[in-house]
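Inspection log for the structure reproduced underneath, given as C-alpha coordinates.
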Number of protein chains: 2
Amino acid sequence: MLTRSEEDHIKAVYVLVQEGDKAFTKDLADRLRTKASSVTDMLKKLAEKGYLKHEPYYGAKLTAKGQALALQLVRKHRLWETFLVERLGFGWDEVHEVAEQLEHVASEQLINQLDAYLGHPAFDPHGDPIPDRNGRIRARRTRRLDVSVAGDTVRIVAVSETTDGLLRLLDAKGLRIGSTLAIQEVHAFDGSMDVKPKNGAAFSLSKDVSHHLQVESIQP
Amino acid sequence: MLTRSEEDHIKAVYVLVQEGDKAFTKDLADRLRTKASSVTDMLKKLAEKGYLKHEPYYGAKLTAKGQALALQLVRKHRLWETFLVERLGFGWDEVHEVAEQLEHVASEQLINQLDAYLGHPAFDPHGDPIPDRNGRIRARRTRRLDVSVAGDTVRIVAVSETTDGLLRLLDAKGLRIGSTLAIQEVHAFDGSMDVKPKNGAAFSLSKDVSHHLQVESIQP
DNA sequence: TACAAATATTAGACATGTCTAATAAATCGA
DNA sequence: TCGATTTATTAGACATGTCTAATATTTGTA
Ligand SMILES: [Mn+2]
Ligand SMILES: [Mn+2]
Ligand SMILES: [Mn+2]
Ligand SMILES: [Mn+2]
(Lines give C-alpha, C1' and ligand atoms only; values in the text may rest on other atoms or scores of the structure.)
(Ligands and ions follow the chains in the order given, each with its own letter.)
Protein backbone atom coordinates (compact mmCIF):
# COMPACT_ATOMS: atom_id res chain seq x y z
CA MET A 1 0.00 0.00 0.00
CA LEU A 2 1.27 3.46 -0.88
CA THR A 3 0.99 6.41 1.46
CA ARG A 4 -0.99 9.50 0.63
CA SER A 5 2.24 11.37 0.08
CA GLU A 6 3.61 8.77 -2.31
CA GLU A 7 0.37 8.79 -4.28
CA ASP A 8 0.33 12.58 -4.47
CA HIS A 9 3.89 12.60 -5.80
CA ILE A 10 3.06 10.04 -8.48
CA LYS A 11 0.00 12.01 -9.55
CA ALA A 12 2.00 15.24 -9.66
CA VAL A 13 4.62 13.62 -11.86
CA TYR A 14 1.85 12.46 -14.15
CA VAL A 15 0.37 15.94 -14.49
CA LEU A 16 3.69 17.68 -15.03
CA VAL A 17 4.80 15.15 -17.64
CA GLN A 18 1.51 15.77 -19.49
CA GLU A 19 2.26 19.47 -19.54
CA GLY A 20 5.94 19.47 -20.24
CA ASP A 21 7.27 15.97 -21.02
CA LYS A 22 9.33 15.84 -17.80
CA ALA A 23 8.58 16.47 -14.16
CA PHE A 24 11.24 18.59 -12.49
CA THR A 25 12.03 18.71 -8.82
CA LYS A 26 11.20 22.36 -8.31
CA ASP A 27 7.87 22.18 -10.11
CA LEU A 28 6.93 19.15 -8.05
CA ALA A 29 7.90 20.94 -4.86
CA ASP A 30 5.80 23.97 -5.80
CA ARG A 31 2.79 21.89 -6.76
CA LEU A 32 2.99 19.70 -3.66
CA ARG A 33 3.79 22.59 -1.32
CA THR A 34 6.91 20.92 -0.06
CA LYS A 35 10.66 21.43 -0.41
CA ALA A 36 12.88 20.35 -3.27
CA SER A 37 14.97 18.18 -0.97
CA SER A 38 11.88 16.30 0.15
CA VAL A 39 10.91 15.73 -3.45
CA THR A 40 14.34 14.36 -4.30
CA ASP A 41 14.05 11.90 -1.43
CA MET A 42 10.64 10.80 -2.59
CA LEU A 43 11.68 10.47 -6.23
CA LYS A 44 14.54 8.24 -5.16
CA LYS A 45 12.21 6.02 -3.20
CA LEU A 46 9.53 5.84 -5.88
CA ALA A 47 12.19 5.02 -8.47
CA GLU A 48 13.37 2.14 -6.28
CA LYS A 49 9.81 0.90 -5.98
CA GLY A 50 9.50 0.95 -9.75
CA TYR A 51 6.92 3.69 -10.20
CA LEU A 52 9.15 6.11 -12.06
CA LYS A 53 12.53 6.77 -13.62
CA HIS A 54 14.52 9.56 -12.06
CA GLU A 55 17.44 11.09 -13.92
CA PRO A 56 19.16 13.27 -11.33
CA TYR A 57 19.14 16.91 -12.45
CA TYR A 58 16.97 16.01 -15.46
CA GLY A 59 13.59 15.27 -13.97
CA ALA A 60 11.37 12.22 -13.66
CA LYS A 61 8.95 10.22 -15.78
CA LEU A 62 6.53 7.49 -14.78
CA THR A 63 7.03 3.84 -15.67
CA ALA A 64 4.11 1.85 -17.05
CA LYS A 65 3.35 0.78 -13.48
CA GLY A 66 3.43 4.39 -12.26
CA GLN A 67 1.33 5.53 -15.20
CA ALA A 68 -1.35 2.96 -14.44
CA LEU A 69 -1.43 4.03 -10.82
CA ALA A 70 -1.59 7.73 -11.69
CA LEU A 71 -4.52 7.11 -14.01
CA GLN A 72 -6.41 5.33 -11.24
CA LEU A 73 -5.79 8.28 -8.93
CA VAL A 74 -6.94 10.73 -11.58
CA ARG A 75 -10.01 8.58 -12.11
CA LYS A 76 -10.82 8.59 -8.43
CA HIS A 77 -10.19 12.32 -8.06
CA ARG A 78 -12.47 13.21 -10.96
CA LEU A 79 -15.24 10.80 -10.02
CA TRP A 80 -15.32 12.21 -6.50
CA GLU A 81 -15.41 15.76 -7.88
CA THR A 82 -18.31 14.78 -10.07
CA PHE A 83 -20.12 13.28 -7.10
CA LEU A 84 -19.57 16.37 -4.99
CA VAL A 85 -20.93 18.72 -7.66
CA GLU A 86 -23.71 16.60 -9.14
CA ARG A 87 -25.04 14.97 -6.00
CA LEU A 88 -23.98 17.02 -3.01
CA GLY A 89 -24.38 20.44 -4.57
CA PHE A 90 -20.81 21.68 -4.19
CA GLY A 91 -19.63 24.50 -6.43
CA TRP A 92 -16.94 23.59 -8.97
CA ASP A 93 -14.55 25.84 -7.07
CA GLU A 94 -15.12 23.98 -3.79
CA VAL A 95 -14.30 20.41 -4.68
CA HIS A 96 -10.58 20.22 -5.27
CA GLU A 97 -9.32 19.98 -1.70
CA VAL A 98 -11.91 17.44 -0.66
CA ALA A 99 -11.29 15.26 -3.73
CA GLU A 100 -7.57 15.52 -2.95
CA GLN A 101 -8.37 13.58 0.23
CA LEU A 102 -11.06 11.25 -1.11
CA GLU A 103 -8.87 10.02 -3.96
CA HIS A 104 -6.71 8.16 -1.43
CA VAL A 105 -9.48 5.97 -0.05
CA ALA A 106 -8.54 2.47 -1.14
CA SER A 107 -11.43 0.32 -2.36
CA GLU A 108 -11.95 -0.99 -5.87
CA GLN A 109 -15.57 -1.72 -5.07
CA LEU A 110 -16.14 1.81 -3.81
CA ILE A 111 -14.84 3.52 -6.89
CA ASN A 112 -16.50 1.19 -9.35
CA GLN A 113 -19.88 1.47 -7.66
CA LEU A 114 -19.49 5.23 -7.41
CA ASP A 115 -18.76 5.28 -11.13
CA ALA A 116 -21.89 3.26 -11.86
CA TYR A 117 -23.97 5.40 -9.49
CA LEU A 118 -22.92 8.52 -11.38
CA GLY A 119 -23.75 6.88 -14.71
CA HIS A 120 -20.15 6.39 -15.87
CA PRO A 121 -19.49 10.07 -16.49
CA ALA A 122 -16.89 10.89 -19.14
CA PHE A 123 -15.92 14.32 -17.84
CA ASP A 124 -15.55 15.96 -14.45
CA PRO A 125 -16.98 19.35 -13.41
CA HIS A 126 -13.95 21.12 -14.85
CA GLY A 127 -14.32 19.41 -18.22
CA ASP A 128 -11.41 17.03 -17.65
CA PRO A 129 -11.83 13.50 -18.98
CA ILE A 130 -12.36 10.68 -16.47
CA PRO A 131 -10.27 7.56 -17.19
CA ASP A 132 -12.30 4.35 -17.25
CA ARG A 133 -11.52 1.43 -14.94
CA ASN A 134 -8.78 0.31 -17.33
CA GLY A 135 -7.21 3.74 -17.29
CA ARG A 136 -8.34 4.62 -20.79
CA ILE A 137 -9.12 8.25 -21.58
CA ARG A 138 -11.20 9.34 -24.51
CA ALA A 139 -8.88 11.36 -26.76
CA ARG A 140 -9.82 14.94 -27.61
CA ARG A 141 -8.24 17.61 -29.74
CA THR A 142 -8.18 20.69 -27.60
CA ARG A 143 -5.85 23.64 -27.26
CA ARG A 144 -5.38 26.51 -24.87
CA LEU A 145 -7.50 29.57 -25.51
CA ASP A 146 -4.43 31.82 -25.43
CA VAL A 147 -3.15 30.35 -28.71
CA SER A 148 -6.38 31.25 -30.53
CA VAL A 149 -6.47 34.25 -32.86
CA ALA A 150 -8.99 36.92 -33.77
CA GLY A 151 -11.77 35.47 -35.90
CA ASP A 152 -11.81 32.05 -34.22
CA THR A 153 -14.98 30.77 -32.64
CA VAL A 154 -14.40 28.29 -29.85
CA ARG A 155 -16.16 26.28 -27.18
CA ILE A 156 -14.76 26.03 -23.68
CA VAL A 157 -14.22 22.35 -22.90
CA ALA A 158 -12.06 22.37 -19.79
CA VAL A 159 -10.69 24.63 -17.08
CA SER A 160 -7.63 24.23 -14.92
CA GLU A 161 -9.13 23.24 -11.59
CA THR A 162 -6.40 24.01 -9.12
CA THR A 163 -7.01 27.74 -8.78
CA ASP A 164 -10.43 28.28 -7.28
CA GLY A 165 -10.05 32.00 -7.85
CA LEU A 166 -10.12 31.39 -11.60
CA LEU A 167 -13.29 29.35 -11.28
CA ARG A 168 -15.01 32.10 -9.35
CA LEU A 169 -13.91 34.65 -11.92
CA LEU A 170 -15.47 32.52 -14.65
CA ASP A 171 -18.67 32.25 -12.63
CA ALA A 172 -18.72 36.04 -12.34
CA LYS A 173 -18.35 36.43 -16.10
CA GLY A 174 -21.00 33.81 -16.77
CA LEU A 175 -18.58 31.40 -18.44
CA ARG A 176 -18.68 27.65 -17.99
CA ILE A 177 -17.95 24.36 -19.72
CA GLY A 178 -19.73 24.46 -23.08
CA SER A 179 -19.78 28.26 -23.38
CA THR A 180 -19.14 29.52 -26.90
CA LEU A 181 -16.88 32.50 -27.56
CA ALA A 182 -16.14 34.49 -30.69
CA ILE A 183 -12.68 36.01 -30.51
CA GLN A 184 -12.82 39.57 -31.72
CA GLU A 185 -9.35 40.83 -31.04
CA VAL A 186 -6.10 39.77 -29.38
CA HIS A 187 -3.96 42.57 -27.95
CA ALA A 188 -0.26 42.06 -28.51
CA PHE A 189 0.67 44.29 -25.58
CA ASP A 190 -0.60 42.07 -22.76
CA GLY A 191 -2.03 39.04 -24.55
CA SER A 192 -5.52 39.92 -23.42
CA MET A 193 -8.37 39.15 -25.80
CA ASP A 194 -11.79 40.58 -26.47
CA VAL A 195 -14.37 37.85 -26.73
CA LYS A 196 -18.09 37.77 -27.31
CA PRO A 197 -20.28 34.99 -25.89
CA LYS A 198 -23.16 33.67 -27.95
CA ASN A 199 -25.83 35.68 -26.19
CA GLY A 200 -24.32 38.66 -24.51
CA ALA A 201 -22.03 41.61 -24.74
CA ALA A 202 -18.32 41.30 -25.49
CA PHE A 203 -15.77 41.56 -22.71
CA SER A 204 -12.08 41.07 -22.19
CA LEU A 205 -10.10 38.13 -20.82
CA SER A 206 -6.56 38.45 -19.51
CA LYS A 207 -3.86 36.10 -20.68
CA ASP A 208 -3.75 34.67 -17.13
CA VAL A 209 -7.29 33.50 -17.72
CA SER A 210 -7.07 32.41 -21.36
CA HIS A 211 -3.96 30.39 -20.57
CA HIS A 212 -6.00 28.17 -18.24
CA LEU A 213 -8.93 27.49 -20.56
CA GLN A 214 -8.97 24.55 -22.95
CA VAL A 215 -11.08 25.07 -26.05
CA GLU A 216 -12.06 23.36 -29.28
CA SER A 217 -12.80 25.07 -32.56
CA ILE A 218 -16.34 25.20 -33.83
CA GLN A 219 -17.85 26.36 -37.11
CA PRO A 220 -18.72 30.00 -36.45
CA MET B 1 -5.22 18.34 12.67
CA LEU B 2 -5.20 14.85 14.12
CA THR B 3 -3.77 11.86 12.30
CA ARG B 4 -5.83 8.88 11.30
CA SER B 5 -4.22 6.86 14.05
CA GLU B 6 -4.99 9.45 16.71
CA GLU B 7 -8.59 9.62 15.57
CA ASP B 8 -8.94 5.85 15.59
CA HIS B 9 -7.60 5.69 19.13
CA ILE B 10 -10.03 8.33 20.33
CA LYS B 11 -12.94 6.54 18.69
CA ALA B 12 -11.88 3.22 20.19
CA VAL B 13 -11.72 4.75 23.66
CA TYR B 14 -15.22 6.10 23.10
CA VAL B 15 -16.62 2.70 22.14
CA LEU B 16 -14.91 0.81 24.96
CA VAL B 17 -16.03 3.34 27.56
CA GLN B 18 -19.60 2.91 26.30
CA GLU B 19 -19.32 -0.81 26.81
CA GLY B 20 -17.43 -0.97 30.05
CA ASP B 21 -16.99 2.47 31.62
CA LYS B 22 -13.18 2.45 31.08
CA ALA B 23 -10.98 1.76 28.07
CA PHE B 24 -8.09 -0.52 28.94
CA THR B 25 -4.81 -0.75 27.11
CA LYS B 26 -5.15 -4.36 26.08
CA ASP B 27 -8.68 -3.99 24.76
CA LEU B 28 -7.61 -0.95 22.76
CA ALA B 29 -4.66 -2.85 21.36
CA ASP B 30 -6.89 -5.77 20.33
CA ARG B 31 -9.48 -3.53 18.74
CA LEU B 32 -6.92 -1.41 16.90
CA ARG B 33 -4.76 -4.39 15.92
CA THR B 34 -1.70 -2.90 17.46
CA LYS B 35 0.48 -3.59 20.51
CA ALA B 36 -0.16 -2.55 24.08
CA SER B 37 3.04 -0.52 24.18
CA SER B 38 1.95 1.48 21.16
CA VAL B 39 -1.38 2.16 22.82
CA THR B 40 0.31 3.38 25.99
CA ASP B 41 2.39 5.82 23.94
CA MET B 42 -0.67 7.09 22.15
CA LEU B 43 -2.72 7.45 25.34
CA LYS B 44 0.07 9.50 26.83
CA LYS B 45 0.13 11.79 23.83
CA LEU B 46 -3.64 12.17 23.59
CA ALA B 47 -3.81 12.90 27.30
CA GLU B 48 -1.24 15.68 26.82
CA LYS B 49 -3.30 17.08 23.97
CA GLY B 50 -6.34 17.12 26.22
CA TYR B 51 -8.51 14.54 24.51
CA LEU B 52 -8.56 12.04 27.35
CA LYS B 53 -7.55 11.27 30.92
CA HIS B 54 -5.18 8.37 31.31
CA GLU B 55 -4.74 6.73 34.71
CA PRO B 56 -1.74 4.43 34.25
CA TYR B 57 -2.78 0.82 34.87
CA TYR B 58 -6.42 1.86 35.26
CA GLY B 59 -7.49 2.73 31.74
CA ALA B 60 -8.58 5.88 29.94
CA LYS B 61 -11.68 8.04 29.57
CA LEU B 62 -12.39 10.85 27.15
CA THR B 63 -12.56 14.49 28.20
CA ALA B 64 -15.42 16.64 26.94
CA LYS B 65 -13.17 17.67 24.04
CA GLY B 66 -12.37 14.04 23.22
CA GLN B 67 -16.01 13.07 23.55
CA ALA B 68 -17.08 15.75 21.09
CA LEU B 69 -14.47 14.60 18.62
CA ALA B 70 -15.40 10.94 18.99
CA LEU B 71 -19.04 11.75 18.33
CA GLN B 72 -18.11 13.56 15.13
CA LEU B 73 -16.11 10.53 14.01
CA VAL B 74 -18.97 8.19 14.84
CA ARG B 75 -21.29 10.50 12.92
CA LYS B 76 -19.06 10.45 9.88
CA HIS B 77 -18.54 6.69 10.04
CA ARG B 78 -22.26 5.96 10.21
CA LEU B 79 -23.26 8.50 7.57
CA TRP B 80 -20.75 7.00 5.16
CA GLU B 81 -22.01 3.50 5.91
CA THR B 82 -25.52 4.66 5.20
CA PHE B 83 -24.42 6.19 1.92
CA LEU B 84 -22.61 3.02 0.88
CA VAL B 85 -25.61 0.80 1.56
CA GLU B 86 -28.45 3.07 0.50
CA ARG B 87 -26.90 4.70 -2.53
CA LEU B 88 -24.05 2.55 -3.76
CA GLY B 89 -25.63 -0.83 -3.10
CA PHE B 90 -23.06 -2.23 -0.70
CA GLY B 91 -24.10 -5.07 1.60
CA TRP B 92 -24.21 -4.22 5.31
CA ASP B 93 -21.31 -6.63 5.80
CA GLU B 94 -19.13 -4.80 3.25
CA VAL B 95 -19.10 -1.26 4.54
CA HIS B 96 -17.08 -1.24 7.73
CA GLU B 97 -13.56 -1.13 6.32
CA VAL B 98 -14.36 1.51 3.75
CA ALA B 99 -16.15 3.72 6.30
CA GLU B 100 -13.15 3.25 8.55
CA GLN B 101 -11.19 5.17 5.92
CA LEU B 102 -13.84 7.65 4.83
CA GLU B 103 -14.49 8.84 8.38
CA HIS B 104 -11.08 10.54 8.38
CA VAL B 105 -11.76 12.83 5.43
CA ALA B 106 -11.80 16.31 6.92
CA SER B 107 -14.51 18.61 5.60
CA GLU B 108 -17.42 20.03 7.55
CA GLN B 109 -19.17 20.90 4.32
CA LEU B 110 -18.77 17.38 2.99
CA ILE B 111 -20.31 15.67 5.96
CA ASN B 112 -23.15 18.14 6.38
CA GLN B 113 -24.11 17.97 2.72
CA LEU B 114 -23.84 14.19 2.77
CA ASP B 115 -26.15 14.19 5.78
CA ALA B 116 -28.68 16.36 3.94
CA TYR B 117 -28.36 14.28 0.77
CA LEU B 118 -29.23 11.16 2.74
CA GLY B 119 -32.21 12.91 4.36
CA HIS B 120 -30.67 13.26 7.83
CA PRO B 121 -30.88 9.55 8.65
CA ALA B 122 -31.20 8.68 12.35
CA PHE B 123 -29.75 5.15 12.13
CA ASP B 124 -27.04 3.45 10.15
CA PRO B 125 -27.37 0.11 8.31
CA HIS B 126 -26.53 -1.78 11.51
CA GLY B 127 -29.21 0.01 13.48
CA ASP B 128 -26.77 2.24 15.34
CA PRO B 129 -27.88 5.82 15.98
CA ILE B 130 -26.21 8.61 13.99
CA PRO B 131 -25.23 11.64 16.10
CA ASP B 132 -26.46 14.96 14.68
CA ARG B 133 -24.06 17.78 13.81
CA ASN B 134 -24.00 18.81 17.46
CA GLY B 135 -23.12 15.31 18.55
CA ARG B 136 -26.53 14.55 19.98
CA ILE B 137 -27.80 10.98 19.84
CA ARG B 138 -31.41 10.03 20.19
CA ALA B 139 -31.66 7.95 23.37
CA ARG B 140 -33.07 4.44 23.15
CA ARG B 141 -33.75 1.75 25.70
CA THR B 142 -32.24 -1.39 24.25
CA ARG B 143 -30.60 -4.43 25.72
CA ARG B 144 -28.63 -7.35 24.43
CA LEU B 145 -30.64 -10.31 23.18
CA ASP B 146 -28.65 -12.69 25.39
CA VAL B 147 -30.21 -11.21 28.54
CA SER B 148 -33.72 -11.93 27.32
CA VAL B 149 -35.67 -14.87 28.73
CA ALA B 150 -38.13 -17.41 27.36
CA GLY B 151 -41.47 -15.80 26.72
CA ASP B 152 -40.10 -12.42 25.65
CA THR B 153 -40.96 -11.04 22.26
CA VAL B 154 -38.37 -8.63 20.92
CA ARG B 155 -37.47 -6.59 17.88
CA ILE B 156 -33.88 -6.48 16.61
CA VAL B 157 -32.78 -2.83 16.58
CA ALA B 158 -29.02 -3.01 16.16
CA VAL B 159 -26.20 -5.38 15.34
CA SER B 160 -22.54 -5.18 16.23
CA GLU B 161 -20.99 -4.19 12.93
CA THR B 162 -17.37 -5.15 13.33
CA THR B 163 -17.70 -8.83 12.57
CA ASP B 164 -18.85 -9.23 9.00
CA GLY B 165 -19.19 -12.98 9.58
CA LEU B 166 -22.03 -12.28 12.00
CA LEU B 167 -23.79 -10.09 9.46
CA ARG B 168 -23.59 -12.80 6.85
CA LEU B 169 -24.93 -15.36 9.31
CA LEU B 170 -27.91 -13.11 10.00
CA ASP B 171 -28.48 -12.72 6.26
CA ALA B 172 -28.46 -16.51 5.95
CA LYS B 173 -31.07 -16.86 8.71
CA GLY B 174 -33.19 -14.08 7.22
CA LEU B 175 -32.72 -11.76 10.18
CA ARG B 176 -32.28 -8.02 9.88
CA ILE B 177 -32.94 -4.75 11.66
CA GLY B 178 -36.65 -4.71 12.53
CA SER B 179 -37.08 -8.47 12.59
CA THR B 180 -39.35 -9.69 15.38
CA LEU B 181 -38.48 -12.76 17.44
CA ALA B 182 -40.45 -14.73 20.03
CA ILE B 183 -38.08 -16.39 22.46
CA GLN B 184 -39.24 -19.93 23.07
CA GLU B 185 -36.49 -21.36 25.19
CA VAL B 186 -33.06 -20.48 26.55
CA HIS B 187 -30.71 -23.40 27.16
CA ALA B 188 -28.66 -23.02 30.31
CA PHE B 189 -25.95 -25.35 29.05
CA ASP B 190 -24.56 -23.13 26.28
CA GLY B 191 -26.74 -20.04 26.45
CA SER B 192 -28.23 -20.76 23.06
CA MET B 193 -31.85 -19.84 22.53
CA ASP B 194 -34.68 -21.09 20.37
CA VAL B 195 -36.44 -18.24 18.66
CA LYS B 196 -39.34 -17.98 16.27
CA PRO B 197 -39.59 -15.14 13.75
CA LYS B 198 -42.98 -13.64 12.96
CA ASN B 199 -43.51 -15.54 9.75
CA GLY B 200 -41.37 -18.62 9.71
CA ALA B 201 -40.17 -21.66 11.51
CA ALA B 202 -38.28 -21.51 14.79
CA PHE B 203 -34.53 -21.95 14.87
CA SER B 204 -31.70 -21.64 17.31
CA LEU B 205 -29.21 -18.83 17.96
CA SER B 206 -25.92 -19.36 19.76
CA LYS B 207 -24.91 -17.09 22.60
CA ASP B 208 -22.11 -15.74 20.36
CA VAL B 209 -24.84 -14.40 18.12
CA SER B 210 -27.38 -13.24 20.71
CA HIS B 211 -24.65 -11.39 22.57
CA HIS B 212 -24.14 -9.13 19.55
CA LEU B 213 -27.77 -8.27 18.91
CA GLN B 214 -29.47 -5.26 20.50
CA VAL B 215 -33.20 -5.65 20.97
CA GLU B 216 -36.18 -3.81 22.39
CA SER B 217 -39.22 -5.44 23.96
CA ILE B 218 -42.50 -5.39 22.15
CA GLN B 219 -45.98 -6.40 23.15
CA PRO B 220 -46.24 -10.00 21.92
C1' DT C 1 -2.21 -14.20 51.31
C1' DA C 2 1.31 -15.51 48.18
C1' DC C 3 2.57 -16.46 43.81
C1' DA C 4 1.46 -17.17 38.88
C1' DA C 5 -0.69 -15.12 35.11
C1' DA C 6 -2.34 -11.23 32.91
C1' DT C 7 -1.91 -6.56 31.93
C1' DA C 8 0.69 -2.26 31.52
C1' DT C 9 4.58 0.69 31.11
C1' DT C 10 9.26 1.91 29.88
C1' DA C 11 13.49 1.54 27.20
C1' DG C 12 15.52 1.26 23.03
C1' DA C 13 15.20 0.59 18.20
C1' DC C 14 13.72 1.44 13.47
C1' DA C 15 11.09 3.20 9.26
C1' DT C 16 8.95 7.21 7.33
C1' DG C 17 8.40 11.86 5.84
C1' DT C 18 9.77 16.27 6.40
C1' DC C 19 12.87 20.18 7.14
C1' DT C 20 17.30 23.48 6.91
C1' DA C 21 21.95 24.16 5.57
C1' DA C 22 25.72 22.94 2.79
C1' DT C 23 27.27 21.62 -1.58
C1' DA C 24 26.96 20.55 -6.49
C1' DA C 25 25.35 20.90 -11.15
C1' DA C 26 22.94 23.12 -14.88
C1' DT C 27 21.36 27.23 -17.12
C1' DC C 28 21.02 32.07 -18.25
C1' DG C 29 22.70 36.41 -19.81
C1' DA C 30 26.09 39.99 -20.48
C1' DT D 1 32.30 31.92 -22.51
C1' DC D 2 32.23 32.85 -17.80
C1' DG D 3 30.24 34.32 -13.68
C1' DA D 4 25.74 34.74 -11.40
C1' DT D 5 21.51 32.66 -10.70
C1' DT D 6 18.60 28.91 -10.48
C1' DT D 7 17.81 24.23 -9.71
C1' DA D 8 19.03 19.91 -7.54
C1' DT D 9 21.17 16.78 -4.39
C1' DT D 10 23.27 15.40 -0.10
C1' DA D 11 24.03 15.64 4.86
C1' DG D 12 22.22 15.92 9.14
C1' DA D 13 18.40 16.69 12.11
C1' DC D 14 13.84 15.97 14.08
C1' DA D 15 8.85 14.41 14.83
C1' DT D 16 5.81 10.53 14.42
C1' DG D 17 4.14 5.95 14.91
C1' DT D 18 5.25 1.46 15.47
C1' DC D 19 7.68 -2.59 17.22
C1' DT D 20 10.26 -6.08 20.65
C1' DA D 21 12.26 -6.92 25.04
C1' DA D 22 12.70 -5.79 29.70
C1' DT D 23 10.48 -4.39 33.78
C1' DA D 24 6.62 -3.15 36.76
C1' DT D 25 2.03 -3.49 38.55
C1' DT D 26 -2.35 -5.55 39.17
C1' DT D 27 -5.40 -9.45 39.35
C1' DG D 28 -6.94 -14.06 40.04
C1' DT D 29 -6.47 -18.37 42.35
C1' DA D 30 -4.80 -22.10 45.12
MN1 LIG E 1 -4.33 13.80 -2.84
MN1 LIG F 1 -11.28 18.41 -11.86
MN1 LIG G 1 -10.84 4.82 10.97
MN1 LIG H 1 -22.39 0.72 11.58
Side-chain angles (χ1 to χ4, degrees), chain A residues 1-13 15-17 19-62 66 69-70 73 97 100-101 103-106, chain B residues 1-13 15-17 19-62 66 69-70 73 100-101 103-104 106:
Chain A
M1 210 28 357
L2 296 183
T3 65
R4 173 170 177 182
S5 181
E6 289 175 320
E7 290 189 339
D8 280 336
H9 279 76
I10 288 168
K11 191 158 64 95
V13 170
V15 171
L16 290 179
V17 168
E19 288 176 4
D21 186 61
K22 286 273 185 60
F24 293 98
T25 304
K26 179 176 194 301
D27 298 331
L28 288 165
D30 289 347
R31 172 172 274 264
L32 295 164
R33 290 146 183 264
T34 181
K35 301 299 174 189
S37 56
S38 306
V39 171
T40 302
D41 289 346
M42 192 57 96
L43 290 178
K44 224 181 293 182
K45 184 173 52 154
L46 292 174
E48 261 161 35
K49 291 195 182 183
Y51 291 99
L52 51 81
K53 276 267 189 276
H54 181 214
E55 286 217 71
Y57 295 102
Y58 295 94
K61 273 189 172 186
L62 296 177
L69 203 147
L73 288 167
E97 272 310 304
E100 205 51 56
Q101 297 181 60
E103 70 191 357
H104 303 291
V105 174
Chain B
M1 207 40 341
L2 295 183
T3 65
R4 174 171 176 181
S5 181
E6 290 174 319
E7 290 189 339
D8 281 335
H9 278 75
I10 288 168
K11 191 158 64 95
V13 170
V15 171
L16 290 179
V17 168
E19 288 175 4
D21 186 62
K22 287 273 184 63
F24 293 98
T25 304
K26 178 176 194 303
D27 299 330
L28 287 166
D30 289 347
R31 171 171 274 264
L32 295 165
R33 290 148 184 263
T34 181
K35 302 298 174 189
S37 56
S38 307
V39 171
T40 302
D41 290 347
M42 191 59 94
L43 290 178
K44 223 181 293 181
K45 183 173 53 153
L46 291 174
E48 261 162 35
K49 291 195 183 185
Y51 291 98
L52 50 83
K53 276 268 189 277
H54 180 213
E55 286 218 71
Y57 296 102
Y58 295 94
K61 273 190 172 184
L62 296 177
L69 203 146
L73 288 167
E100 206 49 57
Q101 297 181 60
E103 70 191 358
H104 304 290

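Within every chain, numbering begins at 1; the chains are lettered A, B, ... in the order of the sequence lines, protein sequences first and strands thereafter. In what follows, every heavy atom counts, from backbone to side chain, and hydrogens, waters and symmetry copies are set aside.
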Could you run down the sub-3.5 Å N/O contacts of the protein with nucleotides 3-5 of chain C?
none

Rounding to an integer number of Å, can you tell me how far [X] [atom1] sits from [N] [atom2]?
X: B/Glu48; N: D/dA15; atom1: CD; atom2: P; value: 13 Å
X: B/Asp8; N: D/dT18; atom1: CG; atom2: C1'; value: 15 Å
X: A/Leu43; N: D/dT7; atom1: CG; atom2: C1'; value: 13 Å
X: B/Leu16; N: C/dA8; atom1: CG; atom2: P; value: 11 Å
X: B/Lys26; N: D/dT27; atom1: NZ; atom2: P; value: 15 Å
X: B/Met42; N: C/dT10; atom1: CE; atom2: P; value: 16 Å
X: A/Lys22; N: C/dT27; atom1: NZ; atom2: P; value: 10 Å
X: B/Phe24; N: C/dT9; atom1: CZ; atom2: P; value: 11 Å

Please walk me through it: do A/Tyr51 and A/Leu69 pass side-chain contact (heavy atoms from CB on, under 4.5 Å)? CA-CA 8 Å; A/Tyr51 291 99; A/Leu69 203 147; 3.5 Å; yes
Within the pair A/Ser5 and C/dT18, is there a side-chain N or O less than 4.0 Å away from OP1 or OP2? yes
Quick check on D/dT9: is either OP1 or OP2 less than 4.0 Å from any side-chain nitrogen or oxygen of A/His54? yes
Measure the spacing between [atom1] of [X] and [atom2] of [Y] and express it to the nearest 0.5 Å.
X: B/Leu43; Y: B/Lys53; atom1: CG; atom2: NZ; value: 13.5 Å
X: B/Thr25; Y: B/Tyr58; atom1: OG1; atom2: OH; value: 12.5 Å
X: B/Thr3; Y: B/Asp8; atom1: OG1; atom2: CG; value: 8.5 Å

Sequence neighbours excluded, the answer for side-chain contact (heavy atoms from CB on, under 4.5 Å) partners of B/Gln101 is A/Val105, A/Ala106, B/Arg4
Partner set under side-chain hydrogen bond (donor to acceptor under 3.5 Å, both in side chains) for B/Lys49, not counting sequence neighbours: B/Glu6
Can you list the residues that meet the side-chain hydrogen bond (donor to acceptor under 3.5 Å, both in side chains) rule with A/Glu7, with sequence neighbours excluded? A/His104
What one-letter contact string describes nucleotides 19-26 of chain C from 5' to 3', where B marks a base within less than 4.0 Å of any protein heavy atom, S marks contact via sugar-phosphate atoms alone, and - marks no contact? BB----SS
Check the surroundings of atom NZ in A/Lys22: do more than 12 heavy atoms from other residues, nucleotides or ligands lie under 6.0 Å from it? yes
For residues 26-38 of chain B, please give each side-chain donor-acceptor pair under 3.5 Å, one per line with the distance, not counting sequence neighbours.
from    : atom 1 : to      : atom 2 : distance (Å)
B/Lys26 : NZ     : B/Asp30 : OD2    : 2.9

